[in-house]
Amino acid sequence: MAKIELPDGSILEAADGTTVQDIAERIGAGLAKAAVAGRVNGRLVDLSSAVNGRVKLSIITDKDEEGLEIMRHSCAHVMAEAICSIWPDAKLVYGPTVRDGFYYDIDLDEAIRPEDFERIEQKMSEIAGADKPMERIELSRTKALERVADDSYKIDNINRADGDVISFYSHGAGFEDLCRGPHVPSTGRVGNFKVMSVAGAYWHGDASEKMLQRVYGTTWRTKKELDDYLAMLEEAKKRDHRVLGKQLDLFSFHEEGPGFAFLHANGMIIWNEIIDFWRSVHEKYGYVEIKTPVILNEELWHKSGHWENYKENMYFTNVDGVNYAVKPMNCPGGLLVYKSRKHSYREFPMRVAELGLVHRNEASGQMHGLVRVRQFTQDDAHIFCTPKQIESEVVGVIELTMELYKAFGFVDYHIELSTKPDKHIGSDEIWEISTDALAKALEHKGIEYKINAGDGAFYGPKIDFHIEDCLKRSWQLGTIQLDFSMPERFELVYTDKDNTEKVPVMIHRAILGSLERFMGILIEHYGGNMPLWLAPEQMRVLPISEKSNDYARKLHGRLKDVGLRCGLDASDEKIGAKVARAHSDKAGYMLIVGPKEADSETVGVRRRASRDTKSYKIDEFISKVKCEIADKNVDLSL
RNA sequence: GCCGAUGUAGCUCAAUGGUAGAGCACAGCUUUCGUAAAGCUGAGGUUGAGGGUUCGACUCCCUCCAUCGGCUCCA
């Protein structure tokens with residue numbers, strides 16, 4: 001007799017071998033209908049699986065996160081069957097769920113094209129419509145290997161799987177795939193799906209392996225959820241910084257310099273505001289600022305280890321028979337500055353910042369608007385300190401990072417600790433000490449983080465701050481890297497208390513990371529509606545008609561005189577058109593003036609993204625927006 | 001770099017082998033208007049570049065460049 005404990009604590013008795021489906025039916029017909037799988041003692045299982053002995057059981061429905069994921073995984077199988085029925089030569093490799101959907105990696109010589117998606121979807125609808133049972137077959141490892149003997153991908157998957165029992169799932173006759181499961185009970189339960197895209201993907205994510213075709217799909221519980229998801233993607237596209245950069249005249253890219261951003265006048269306003277603020281915060285945190293050359297003798301890069309570890313990403317040039325490299329990082333230059341005179345422990349910690357322009361020759365196909373470019377400005381700094389000061393310095397950088405991010409309105413980010421990569425300099429012992437130091441600093445601040453094994457810089461481990469763009473792609477902004485090797489290579493020293501020369505520890509850090517990337521993410525974060533302190537056009541004066549142009553010019557001049565970024569639309573358009581244009585240009589405030597305002601020395605103020613207008617005395621409005629700018633308010637007030 | 005797609009006016013997009021077009025933006029004129037786009041006229045193009053097929057190519061083929069979606073790599 002099975003004793004089944006349900007989530008509410010009640011116990012249900014049933015004969016051993018009763019299926020999860022049977023139990024769901026005993027609990028209620030509605031639940032049984034909604035059920036997609038069960039959780040037995042914490043493990044997800046099919047509805048058809050049997051329950052024995054004393055167990056804890058909960059029924060998973062498609063309303064549960066896990067239920068949705070199971071549905072998506074099953075949908076991947078249905079898509080796989082559809083693809084195999086259209087292209088019998090297709091070999092299935094691996095088909096997991098991802099955020100908002102799933103994909104299936106397929107080995108097939110003929111390219112699957114977007115035009116084929118409809119055909120695939122039709123076939124999927126047929127399979128779903130047939131509502132074929134998805135049945136689990138369990139075999140021993142040996143038997144399983146025999147069953148897939150002519151499929152090298154499946155053999156590989158079995159060899160990578162744990163345990164002695166290998167499972168397959170079939171959809172009625174004609175389709176079977178190696179899979180851990182669980183799955184929905186039948187192909188009719190895979191939701192409202194759509195084939196989204198196809199792209200190449202290396203087998204095992206290894207660039208030296210064969211490139212497979214990865215077909216992406218999505219599926220949702222209801223048609224409405226699918227439509228909402230597709231609408232959300234459309235909305236996200238409007239927030240794309242590449243789209244907004246064009247629309248708001250912030251920056252451009254040109255074939256003459258792929259990966260090199262051209263910042264326009266509007267973009268430069270945002271850029272300069274970011275930097276002004278950045279400088280003020282760094283001053284508060286005890287930093288000084290330097291600037292080092294963009295091109296330096298190639299020898300320097302041999303010494304730093306960049307030649308050996310980073311050459312593929314570097315630009316080189318030759319002047320008068322001398323080889324030079326364009327800097328991909330600022331550290332070697334910073335080290336030369338350090339070496340330009342003697343240093344004492346009394347100076348430590350020395351926090352030396354540099355807004356350094358670096359070039360990295362990224363392979364084509366990796367560029368992405370402002371967030372992945374070949375030339376960018378790092379808000380870099382190198383902190384020289386004693387080993388004892390490491391933890392407090394790292395803590396200080398973390399605090400500085402949080403303060404800066406917060407001012408820009410970023411609260412959603414995640415942190416990773418990256419450890420020793422294959423390509424590296426320095427001994428294992430040094431790597432261990434420095435990795436521990438970073439971990440300790442994070443733990444000291446009570447910060448959650450994820451370990452990113454093998455992803456450190458070649459000279460040391462690092463803490464990275466990551467943030468997502470409008471399409472939920474994650475990008476690294478800030479980084480804190482500990483480095484014991486570079487100071488040694490460059491024979492950096494300081495005179496310690498005991499009058500001996502010692503090698504300092506160096507911390508590389510960037511907070512915004514790349515100013516270009518940061519700006520891109522910032523634009524998307526605000527959908528182009530920048531907070532007033534960053535907005536290229538903080539306000540625009542809109543005269544009702546030409547009759548009010550004089551007053552409008554007077555007001556415009558006054559606002560510019562007090563240092564506000566104010567535009568003027570004295571065009572021949574009607575006021576409605578001027579308002580519409582100001583909205584699409586994302587001016588912060590619209591200042592509407594007609595005869596009424598001219599007579600009373602006032603201004604009708606309308607906030608971006610709002611339909612209300614309020615009347616203000618001019619001075620009153622000025623002091624209000626001045627406060628808003630000084631406070632770096634994220635939302636426009638009124 | 002790899003797989004696939006795309007490239008037409010400043011921008012967004014039409015034109016399926018037979019004279020390259022629209023909306024917005026731009027210029028001129030009309031209009032002088034009270035809160036999300038007034039009207040007329042005009043200008044604007046070696047259709048990403050180069051080669052090929054053809055009587056004829058935006059359209060078909062090849063090479064290259066750039067961009068987009070992924071993979072790999074990375075701030």
Side-chain angles (χ1 to χ4, degrees), chain A residues 98 103 105 111-116 196-216 237 240 242-243 246-247 249 252-259 310 312-313 328-329 356 358 360-380 418 455 457 462 464-467 471 473-479 481 510-518 520-521 542-549 571-584 590-597 604-606 608-613:
Chain A
V98 288
Y103 64 76
D105 279 349
I112 296 174
R113 293 162 197 283
E115 307 79 284
D116 299 320
M196 300 295 287
S197 63
V198 58
Y202 299 109
W203 189 45
H204 291 160
D206 183 341
S208 62
E209 288 290 355
K210 181 168 188 180
M211 180 151 281
L212 308 166
Q213 299 193 63
R214 178 168 296 177
V215 183
Y216 286 86
K237 269 190 204 160
D240 189 318
R242 293 166 300 182
V243 173
K246 229 177 234 176
Q247 190 190 325
D249 198 14
S252 57
F253 285 91
H254 302 272
E255 285 200 14
E256 291 80 352
Y310 210 75
E312 301 75 32
N313 287 306
M329 295 186 196
V358 298
R360 296 182 185 179
N361 186 14
E362 303 292 347
S364 67
Q366 336 211 98
M367 260 91 72
H368 185 89
L370 287 178
V371 300
R372 191 76 188 268
V373 288
R374 284 182 172 152
Q375 174 195 263
F376 58 100
T377 304
Q378 284 184 310
D379 66 322
D380 211 346
S418 299
D455 210 34
K462 58 181 187 168
D464 291 331
F465 296 80
H466 296 255
I467 208 156
L471 293 171
R473 289 176 288 212
S474 179
W475 298 94
Q476 183 185 321
L477 293 181
T479 178
Q481 308 174 349
I511 309 291
L512 309 181
S514 141
L515 287 183
E516 286 79 355
R517 171 177 293 179
F518 185 75
I521 298 281
L542 313 177
I544 293 287
S545 79
E546 207 180 322
K547 287 177 187 158
S548 303
N549 277 0
S571 68
D572 236 5
E573 294 293 345
K574 297 207 284 195
I575 189 65
K578 292 185 187 183
V579 168
R581 213 162 291 190
H583 271 296
S584 76
M590 280 159 253
L591 310 180
I592 292 145
V593 294
K596 205 166 70 191
E597 284 78 14
V605 181
R606 176 167 170 165
R608 175 181 62 208
S610 153
R611 302 190 98 93
D612 302 330
T613 310

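In what follows, every chain begins at residue 1, and chains take the letters A, B, ... in the order their sequences are listed.
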Checklist entry - OP1, OP2 of B:C74 versus side-chain N and O of A:R374: anything below 4.0 Å? => result no
Item to check | Residue-phosphate contact under 4.0 Å: A:R581 side-chain N/O, B:A36 OP1/OP2 | outcome: no
Checklist entry - Taking the side chain of A:A580 as heavy atoms from C-beta outward, which of B:A75, B:A36, B:C33 is closest to it? => result B:A36
Item to check | Spacing of A:N313 atom CG relative to B:G1 atom C1', expressed in whole Å | outcome: 12 Å
Checklist entry - Looking at CD1 of A:I544 and NZ of A:K596, how far apart are the two atoms once the value is rounded to the nearest 0.5 Å? => result 8.0 Å
Checklist entry - Which one, B:A38, B:A75, B:U32, comes nearest to the side chain of A:E573? => result B:A38
Checklist entry - Are OP1 or OP2 of B:G69 and a side-chain N or O of A:H368 less than 4.0 angstrom apart? => result yes
Item to check | Criterion side chain to side chain donor-acceptor pair (under 3.5 Å) on A:E573 and A:S571, from CA distance to verdict | outcome: CA-CA 5 Å; A:E573 294 293 345; A:S571 68; 5.4 Å; no
Item to check | Side chain of A:A207 - closest among B:C73, B:U72, B:U12 | outcome: B:U72
Checklist entry - Where each residue is assigned the nucleotide of RNA chain B containing its nearest heavy atom, which of A:R611 and A:I112 is assigned the position nearer the 5′ end? => result A:I112
Checklist outcome for this item: Closest to the side chain of A:A577, out of B:G34, B:A38, B:C71, is B:A38
Next on the checklist: In this structure, how many angstroms lie between the P atom of B:U32 and the NZ atom of A:K578, rounded?
Outcome noted: 14 Å
Checklist entry - What's the NZ-C1' distance between A:K547 and B:G34, to the nearest Å? => result 12 Å
Item to check | Proximity to the side chain of A:S545 - top-ranked nucleotide from B:U32, B:C74, B:G70 | outcome: B:U32
Checklist entry - With respect to the side chain of A:I592, which nucleotide from B:C73, B:U35, B:G7 is positioned closest? => result B:U35
Checklist entry - Given B:G1, B:G4, B:C74, which nucleotide is nearest the side-chain atoms of A:Q366? => result B:G1
Item to check | Closest to side chain of A:R517, choosing from B:A36, B:G70, B:C74 | outcome: B:C74
Checklist entry - Are A:K462 and B:A75 close enough that a side-chain N or O sits under 4.0 Å from OP1 or OP2? => result yes
Checklist entry - How far does CG of A:L477 sit from CZ of A:F518, to the nearest 0.5 angstrom? => result 6.5 Å
